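Let me begin by presenting the structure, written as structure tokens, before commenting on it.
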2 protein chains.
Amino acid sequence: MIKILVVDDEPQIARALRINLTAHGYEVATAPDGAQALRAAAALVPDLVVLDLGLPDMDGTEVIAGLRGWTSAPILVLSGRAASAEKIAALDAGADDYVTKPFDIGELLARVRAATRRGNAGGDSPATEIGSATVDLAARTVKRDGAEVRLTKTEWQLLEVLLRNPGKLVGQRELLHRVWGPNYDRETNYLRQYMAQLRRKLEADPARPVHLLTEPGMGYRFKP
Amino acid sequence: MIKILVVDDEPQIARALRINLTAHGYEVATAPDGAQALRAAAALVPDLVVLDLGLPDMDGTEVIAGLRGWTSAPILVLSGRAASAEKIAALDAGADDYVTKPFDIGELLARVRAATRRGNAGGDSPATEIGSATVDLAARTVKRDGAEVRLTKTEWQLLEVLLRNPGKLVGQRELLHRVWGPNYDRETNYLRQYMAQLRRKLEADPARPVHLLTEPGMGYRFKP
DNA sequence: ACCGGCCATCAAGAAAGCGTCAAAGGTGCG
DNA sequence: CGCACCTTTGACGCTTTCTTGATGGCCGGT
């Protein structure tokens with residue numbers, strides 16, 4: 001979850017931002033002035049800071065400088081002042097973007113996405129645990145006891161369908177359709193063949209599977 | 001020297017930008033339309049692109065998409081339209097900033113500084129190790145045992161996609177799309193050809209690659 | 001207890017994908 | 001205009017993977 005720190009002394013604006021950002025899946029914290037903003041930033045280590053320049057206790061550039069001392073998280077400045085000199089000062093102090101009030105909330109969200117996109121570029125992907133093995137669907141890697149395990153294309157496709165429906169039973173026909181195509185309905189021997197291979201590569205005891213389970217007559221199930 | 005590509009169909013604006021940017025120590029190239037912009041970007045590999053959205057031949061978001069396939073250099077959009085929907089579309093297409101005309105040249109320069117600062121200090125160590133070879137994506141250089149290794153344009157594009165996803169599997173369709181364009185889907189022989197050349201130039205034992213790996217039936221992977 | 005259905009496992013032949021070599025178009029440059 | 005380099009093709013062994021068939025075990029129904 002991406003953490004955003006909103007710094008604004010006007011409660012209604014802070015509240016509006018919090019609601020909008022939270023609704024879009026961000027984790028939001030707020031601070032009403034510069035001192036608390038710096039403290040909150042140190043405690044939370046946010047991934048992005050939305051900073052109003054019109055704070056009661058400190059100058060905006062000081063806050064930026066205080067943040068830039070130890071973090072390189074993007075800083076998106078809000079301000080009522082449209083003067084170019086103000087913008088230049090903020091940007092050169094270390095801000096990444098500058099939006100003048102009144103602002104369109106959709107545009108602000110787009111700028112937030114643009115700013116966070118860069119940080120996410122080399123990011124990690126979610127991994128699923130299967131007993132002693134770790135499966136990374138995005139990277140297409142499997143690690144087991146530190147060693148890499150290689151899966152073939154068909155094995156990946158089958159495993160992916162199961163892992164994307166954790167705990168749920170997936171019918172044999174659905175598995176066949178998703179992996180081999182709509183013309184395959186009754187080739188359950190394919191499933192047996194490849195489930196056995198997956199178990200051999202992932203389960204601690206392939207003969208007695210714990211996570212890749214067979215539901216006789218119906219299908220298969222991945223149990224986390 | 002930081003290279004900037006200015007894309008604008010209005011000669012006086014392009015000229016004004018070139019003069020101002022050059023005066024501030026940047027190396028500037030210009031392009032009057034989208035097609036030439038993409039060609040110039042491929043040839044120059046700029047560190048930043050200033051892009052006017054009102055181009056005669058292509059939609060602005062198409063140009064952004066075309067650039068984003070190749071490079072992750074910051075894109076600063078200029079536009080006469082102040083509508084939020086336009087801004088959101090451009091930012092979500094991959095732009096990093098959006099400035100409406102008429103703009104203050106000082107502010108633009110500050111935004112250029114902010115965008116380039118992020119690229120330099122953003123924590124990305126531009127040098128990647130591949131066995132005995134050292135690849136610098138930003139400088140477009142490869143050194144191996146002290147000697148320079150030359151890569152062709154296509155080789156660079158292919159290598160860049162892989163290196164930007166370290167450890168991750170990149171599907172062959174995605175590789176074809178990113179390097180040769182969206183009309184290439186099944187020309188896996190291209191991939192074989194160029195992967196072989198890259199391995200010959202980078203791997204210690206091209207016949208038994210350690211870093212540029214093949215995942216049969218799926219794609220290729222760069223393993224650090 | 002017998003039988004039939006379903007599943008796991010093993011063992012081939014068939015097919016697809018990969019690496020490599022070689023050579024024909026294109027393009028830019030001197 | 002010719003040259004050099006890069007890109008695009010084509011073809012051929014070779015390995016890996018997919019497909020297919022056969023065998024034996026487990027379980028519920030008769």
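Every heavy atom of this structure was used, including side-chain atoms; hydrogens, water molecules and symmetry mates were not. Note that the structure is a prediction, hence the values are computed from the model and not measured. Every chain is numbered from 1, with letters handed out A, B, ... down the list of sequences.
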Where the side chain of B/Q197 is defined as all heavy atoms beyond and including C-beta, which of D/dT7, C/dG19, C/dT20 is the nearest nucleotide?
-> D/dT7
Taking C/dT20, C/dG19, C/dT9 as options, the one with an atom nearest any side-chain atom of A/A196 is C/dT9
Which nucleotide in the list D/dT17, D/dT7, D/dC18 gets nearest to the side chain of A/T154?
-> D/dC18
Over all atoms of both residues, closest heavy-atom pair of B/V161 and B/N165 = O-ND2, 3.1 Å
For B/Y190 and D/dT7, is the shortest distance between a side-chain N/O and OP1 or OP2 below 4.0 Å?
-> no
Think A/T214 has a side-chain N or O under 4.0 angstrom from the OP1 or OP2 of C/dA8?
-> yes
Return no unless some side-chain N or O of B/T152 is found under 4.0 Å from OP1 or OP2 of D/dT7.
-> yes
Euclidean distance, atom CD of residue A/E155 to atom P of D/dC18 [Å, nearest integer] | 7 Å
Is the shortest distance from a Lys or Arg side-chain nitrogen in B/R111 or B/D96 to a carboxylate oxygen in the other one below 4.0 Å?
-> no
Send over the distance from A/R208 CZ to C/dC7 C1', rounded to a whole Å.
-> 16 Å
Starting at CG of B/N189 and ending at P of D/dA11, how long is that distance when rounded to a whole Å?
-> 12 Å
Whole-Å distance separating the CE atom of B/M218 from the P atom of D/dC18 = 9 Å
dist A/R221:CZ -> A/L162:CG (nearest 0.5 Å) comes out at 10.5 Å
Protein-nucleotide distance (B/L176, atom CG; C/dG17, atom C1'), rounded to Å = 14 Å
Is the shortest side-chain N/O distance from A/R192 to OP1 or OP2 of C/dC7 below 4.0 Å?
-> yes
Starting at NZ of A/K201, measure out to CZ of A/R150 and round the result to the nearest 0.5 Å.
-> 7.0 Å
From CG of B/L158 across to C1' of D/dT7 the rounded distance in Å is 14 Å
Drop me the distance from A/L158's CG to A/L191's CG, to the nearest 0.5 angstrom.
-> 6.5 Å
Contacts of A/R200 and B/G217 projected onto DNA chain C by closest heavy atom; the upstream (5') one is A/R200
Does the side chain of A/W180 get closer than 4.0 angstrom to OP1 or OP2 of D/dT19 through an N or O atom?
-> yes
Which value, rounded to the nearest 0.5 Å, describes the distance between B/L17 atom CG and B/Q12 atom CD?
-> 10.5 Å
Would you mind classifying the nucleic acid contact of B/R186 as base, sugar-phosphate or nothing, using non-hydrogen atoms under 4.0 angstrom?
-> nothing
On DNA chain D, check which nucleotide each of B/Y184 and A/E187 is closest to and give me the residue with the more 5' one.
-> B/Y184
CG of B/L191 versus P of D/dT8: gap in Å, rounded?
-> 12 Å
Give the rounded distance in Å between these two atoms: CG of A/L213 and C1' of C/dC7.
-> 14 Å
So which one's nearest nucleotide on DNA chain C is more toward 5', B/Q193 or A/K153?
-> A/K153
May I ask you to verify if any side-chain N or O of A/Y220 is less than 4.0 angstrom from the OP1 or OP2 atom of C/dA8?
-> yes
